Asks: 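Here you go, one structure.
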Amino acid sequence: MEEKRYPIWYSIISYCPNSIRNEHMNVGILLGSDKDSIIFEYVNPKNKKLSSLFWNSIELEEYTSSISLLKYIISESQKHWHQPQLPQLNQGSWETFFNLESLPIGITISDVHYALGTDINILKNNLIDIYIGKKFLQKKTDSISLKKKVYNYFETKPNVTKKLKSNLKIMPVKSIPTLKIEMDYTYYSKDSHLAKFIQIAPESSSQTLLNWYKNTSMLLSRNESFDKLNILLSDQNDHSTLELKQMVTDLISLDSNRTNVIYVNTDINSTHSLEVLTNTVSENALLVEDWVDHAM
């Protein structure tokens, strides 16, 4: 059943450190709905995005103070049961909404706009990407790279690592033995005695993505001697690029029966999708020593 869409309001927050220079930069978003609490996302004062905006440490300190005050104001506003109408179409103001004489110094909040959506967090991520740049609001302290996440998790499962061979180089096309690509992890099925691969999608440059896509396409279209390709991606609501998603969709179309996409949340404490994968390996895979000498 298709999820029902509902109206979500949002505003863009900008900051001007000096009224004489009149330089403005988008530094945050504010959004909410009748069924969601207000969400406030902003650029951390230490973020490199702000380096061109501030001319000295005093301006940086003023920004830090204004953002901290705005965060407090928003938090306090949600304790009230009734709030004034949101400012829109030149009616009302954020000062009235927050019951203030004025907003924190340098802060400007746009009038409210509306969008229909099924999930406020999806809209939040889209707004961040459009108005701020998602790389500036990634919370590095709460997440790690996908490759590191997978490696760390497998290292806690010795019974599983005995059945996984890392960085195994294989021939995608048997008629070209000098052409080899590297699989992040390989295991062999007890039932089919065929190889199954775990490939972690890259999170870096377009050229790296392109090379990965070409190699994976060649494997799926030219090699019939493996059983399954598990592609691990960062969670859909995380920082996966549109380009990567388009590539993965095309890879699935090449061989949907042998391609399995697994979305992994890179939050340090989230391991559910990896648990499902490791349970499969633990129950259905051979020990590496039983197959590695005759690997493809």
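Side chains are part of it too, since the values below use all heavy atoms of this structure and drop only hydrogens, waters and symmetry mates. From a predicted model like this one, the values you see are computed outputs, not experimental measurements.
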Asks: Between Thr259 (side chain) and Ser256 (backbone), is there a donor-acceptor pair under 3.5 Å?
Replies: no

Asks: Are Asn223 and Ser225 close enough, and set up right, to give a side-chain hydrogen bond (donor to acceptor under 3.5 Å, both in side chains), and what steps lead you there?
Replies: CA-CA 6 Å; Asn223 194 312; Ser225 58; 2.7 Å; yes

Asks: Do Lys35's NZ or CZ and the ring of Tyr6 fall within the cation-pi criteria of under 6.0 Å and 45°?
Replies: yes

Asks: What is the minimum heavy-atom distance between Glu41 and Lys124, and which atoms define it?
Replies: OE2-NZ, 3.6 Å

Asks: For Val276, does its backbone N or O pair with a side-chain atom of Thr280 as donor and acceptor, under 3.5 Å?
Replies: yes

Asks: Any ring pair (Phe, Tyr, Trp, His ring centres under 6.0 Å) involving residues 39-71? Give me the pairs, sequence neighbours left out, ordered by first then second residue.
Replies: Tyr15-Tyr63, Phe40-Tyr42, Phe54-Tyr63

Asks: Connecting only ILVMFWY residues whose side-chain heavy atoms lie within less than 4.5 Å of each other, what is the rest of Met218's hydrophobic cluster?
Replies: Val173, Ile176, Leu179

Asks: With rounding to the nearest 0.5 Å, note down the distance linking CD1 in Ile13 to CD1 in Ile109.
Replies: 5.0 Å

Asks: Mark yes or no for whether Lys165, through its side chain, and Met183, through its backbone, hold a donor-acceptor pair below 3.5 Å.
Replies: no

Asks: Give a yes or no on this: more than 12 heavy atoms of other residues, nucleotides or ligands lie within 6.0 Å of atom CG of Leu116.
Replies: yes

Asks: State plainly whether one hydrophobic cluster holds both Leu286 and Leu194, where clusters connect Ile, Leu, Val, Met, Phe, Trp and Tyr through side-chain heavy atoms under 4.5 angstrom apart.
Replies: no

Asks: Could you check whether Asn22 and His24, counting side-chain N and O atoms only, form a donor-acceptor pair closer than 3.5 Å?
Replies: yes

Asks: For Ile12 and Ile29, run side-chain contact (heavy atoms from CB on, under 4.5 Å): C-alpha distance rounded to whole Å, both residues' side-chain angles, the deciding distance at 0.1 Å, then the answer.
Replies: CA-CA 5 Å; Ile12 310 304; Ile29 58 169; 3.9 Å; yes

Asks: Is the closest basic N to carboxylate O distance between Lys147 and Asp184 below 4.0 Å?
Replies: yes

Asks: Quick one: are Leu164 and Thr186 in side-chain contact, heavy atoms under 4.5 Å?
Replies: no

Asks: In Å, rounded to the nearest 0.5 Å, how long is the span from OG1 of Thr118 to CG of Leu123?
Replies: 10.0 Å

Asks: About how many Å separate CE of Met171 and CG of Leu219, when rounded to the nearest 0.5 Å?
Replies: 12.0 Å

Asks: What's the shortest heavy-atom distance between Ser66 and Pro104, and which atoms?
Replies: O-CB, 3.7 Å

Asks: Around atom CZ of Arg21, are there more than 12 heavy atoms from other residues, nucleotides or ligands closer than 6.0 Å?
Replies: yes

Asks: Treat each ILVMFWY residue as a node, draw an edge where side-chain heavy atoms are under 4.5 Å apart, and state whether Ile73 and Val27 are in one component.
Replies: yes

Asks: Keeping the roles fixed (side chain from Asn279, backbone from Glu275), state whether a donor-acceptor pair exists under 3.5 Å.
Replies: yes

Asks: Please name the residue in the list Phe226, Phe197, Trp291 that meets the ring pair (Phe, Tyr, Trp, His ring centres under 6.0 Å) test with Tyr188.
Replies: Trp291

Asks: For residues Arg222 and Ser175, report the shortest heavy-atom separation together with the two atoms involved.
Replies: NH2-OG, 4.4 Å

Asks: Assess the residue pair Phe98 and Glu76 against the criterion (side-chain contact (heavy atoms from CB on, under 4.5 Å)); give the C-alpha distance rounded to whole Å, side-chain angles, the decisive distance to 0.1 Å, and a yes or no.
Replies: CA-CA 9 Å; Phe98 289 127; Glu76 287 295 303; over 6 Å; no

Asks: Are Tyr185 and Phe154 close enough that their ring centres sit under 6.0 Å apart?
Replies: yes

Asks: Indicate yes or no for a side-chain donor-acceptor contact from Ser77 to the backbone of Ile74 under 3.5 Å, with no hydrogens or angles considered.
Replies: yes

Asks: I'd like to know if the side chain of Ser75 reaches the main chain of Lys71, judged simply by a donor and an acceptor atom lying under 3.5 Å from each other, with no hydrogens or angles considered.
Replies: no

Asks: Taking Ser11 for its side chain and Ser110 for its backbone only, find out whether a donor-acceptor pair lies under 3.5 Å.
Replies: yes

Asks: Has Asp34 got more than 12 heavy atoms of other residues, nucleotides or ligands less than 6.0 Å from its CG?
Replies: no

Asks: May I ask whether Leu100 and Ile105 are part of the same hydrophobic cluster, defined by side-chain heavy atoms of I, L, V, M, F, W, Y residues being less than 4.5 angstrom apart, directly or through others?
Replies: no

Asks: Check for a donor-acceptor pair, side chain of Ser68 on one end and backbone N or O of Thr64 on the other, with a separation under 3.5 Å.
Replies: yes

Asks: Angle class for the Tyr131/Tyr10 ring planes (parallel below 30°, perpendicular above 60°, tilted otherwise)?
Replies: tilted

Asks: Any side-chain to backbone donor/acceptor pair from Asp255 onto Leu251? Under 3.5 Å, distance only.
Replies: no

Asks: Distance from Ile8 atom CD1 to Ile39 atom CD1, nearest 0.5 Å?
Replies: 8.5 Å

Asks: Parallel, tilted or perpendicular for Phe97 and Trp94, by the 30°/60° rule?
Replies: perpendicular

Asks: Within a reach of under 6.0 Å around OH of Tyr153, are more than 12 heavy atoms found that belong to other residues, nucleotides or ligands?
Replies: yes

Asks: Give, for atom CG of Leu274 and atom CG of Leu146, the distance between the pair rounded to the nearest 0.5 Å.
Replies: 8.0 Å

Asks: When you look at Thr108 and Leu103, which way does the side-chain contact (heavy atoms from CB on, under 4.5 Å) test go after all the steps?
Replies: CA-CA 8 Å; Thr108 301; Leu103 291 173; 5.9 Å; no

Asks: Taking Asp227 for the side chain and Ala195 for the main chain, is one N or O donor matched with an acceptor at less than 3.5 Å?
Replies: no

Asks: Nearest heavy-atom pair of Lys163 and Ser282: which atoms, and what distance?
Replies: NZ-O, 2.7 Å

Asks: Indicate if Val281 and Leu287 have the same hydrophobic cluster label, given that clusters are the connected sets of ILVMFWY residues with side-chain heavy-atom separations under 4.5 angstrom.
Replies: no

Asks: To the nearest 0.5 Å, what is the distance between CG (Leu50) and CE (Met25)?
Replies: 6.0 Å

Asks: Are more than 12 heavy atoms from other residues, nucleotides or ligands located less than 6.0 Å from atom CD1 of Ile262?
Replies: yes

Asks: Between Tyr72 and Ile67, does the side-chain contact (heavy atoms from CB on, under 4.5 Å) criterion hold? Intermediate values first, please.
Replies: CA-CA 9 Å; Tyr72 171 77; Ile67 283 292; over 6 Å; no

Asks: Counting only heavy atoms not in Lys180, do more than 12 sit closer than 6.0 Å to its NZ atom?
Replies: no

